Amino acid sequence: MNVTVRKAQESDALFIAQALLESSRAGKKVGIFDFIFNTSDDATLLDYLRKFTVTTTKSYCHFSNFMIAVVDGVDAGTICGYEPRIATHDIFARALEEVGIDESYHERIAGYLLCEPEIDNQTWVCDFMVVKPEFKSLEILKEMVRKSMLTARLKGYRKVQAMVEIGSVETEIIYKKLGFSVIDEKRSDYYEEQFGRSGILRLQIIL
């Protein structure tokens, strides 16, 4: 199996949108984007997310923050790596405005905001790590994370963190196999009511 990892291009917008939707739902019926865009219709969500990845304002969901794993010439997976000090909540809100979503979305994701980890400006974040089912392989996941951490090092970061829902056992195990350790967790009954999971774990690796 020949695995390469490349920087995402604007033409990868739909592939990234599909990864955002799958990763955010994490095996559940709904995820955070269902609430942000106020719909659970997959076609509508994918259209919103595709546009969201190519907005002029570069939120952490912008295609430029993603890498694509390619196996024998076929796109097999993707991962997002971003700088919280740059991709702030204000930037996220401004990007949403470009696709027609106003700040009322905050009310719809109140459960998430109660459990969202506080990440400092000296940290690089890995998120939205997805591999197509037919390509499920720790080798692909390792290569994507390795390339993302290389980018982090080149930018001067020494801490890399990831967020995983409590109960997303497979994803948690993958990150632990890649060298991450759980550093904290936040739980909320309201989060569980909205998303069907008790909260969010934060994992970290020191480079």
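Computed from a predicted model, the values in this text were never measured in an experiment.
A search for side-chain contact (heavy atoms from CB on, under 4.5 Å) contacts involving V71 returns M1, V3, A76, F135, I140, not counting sequence neighbours. Residues that satisfy the ring pair (Phe, Tyr, Trp, His ring centres under 6.0 Å) test with F63, not counting sequence neighbours, are absent from this structure. Applying the ring pair (Phe, Tyr, Trp, His ring centres under 6.0 Å) rule to Y157 yields the partners W124; only residues at least two apart in sequence or on another chain are considered. Every side-chain contact (heavy atoms from CB on, under 4.5 Å) that S64 has, sequence neighbours left out, goes to K58, H62. F66 meets the ring pair (Phe, Tyr, Trp, His ring centres under 6.0 Å) test with no other residue; sequence neighbours excluded. Qualifying salt bridge (Lys or Arg N to Asp or Glu O under 4.0 Å) partners for D12, counting only residues two or more places apart in sequence or in other chains: R6. When the salt bridge (Lys or Arg N to Asp or Glu O under 4.0 Å) test is applied to K28, the partners found at least two apart in sequence or on another chain are E165. For D42, the salt bridge (Lys or Arg N to Asp or Glu O under 4.0 Å) partners are R25, not counting sequence neighbours.
Cluster partners of I91 are absent, since no Ile, Leu, Val, Met, Phe, Trp or Tyr has side-chain heavy atoms less than 4.5 Å from it. Through direct or indirect side-chain contacts shorter than 4.5 Å among Ile, Leu, Val, Met, Phe, Trp and Tyr, L14 is connected to no other residue. Other residues sharing the hydrophobic cluster of L150, ordered by chain and number and joined by side-chain separations under 4.5 Å: L154.
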Donor-acceptor list for residues 172-181 side chains, cut-off 3.5 Å, not counting sequence neighbours:
{"from": "E172", "atom 1": "OE2", "to": "K176", "atom 2": "NZ", "distance (Å)": "2.8"}

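For D189, the CG atom counts as loosely surrounded, since its 6.0 Å shell holds 12 or fewer non-hydrogen atoms of other residues, nucleotides or ligands.
For the pair E97/T57, no side-chain contact is recorded, criterion being any heavy-atom separation below 4.5 Å from C-beta on.
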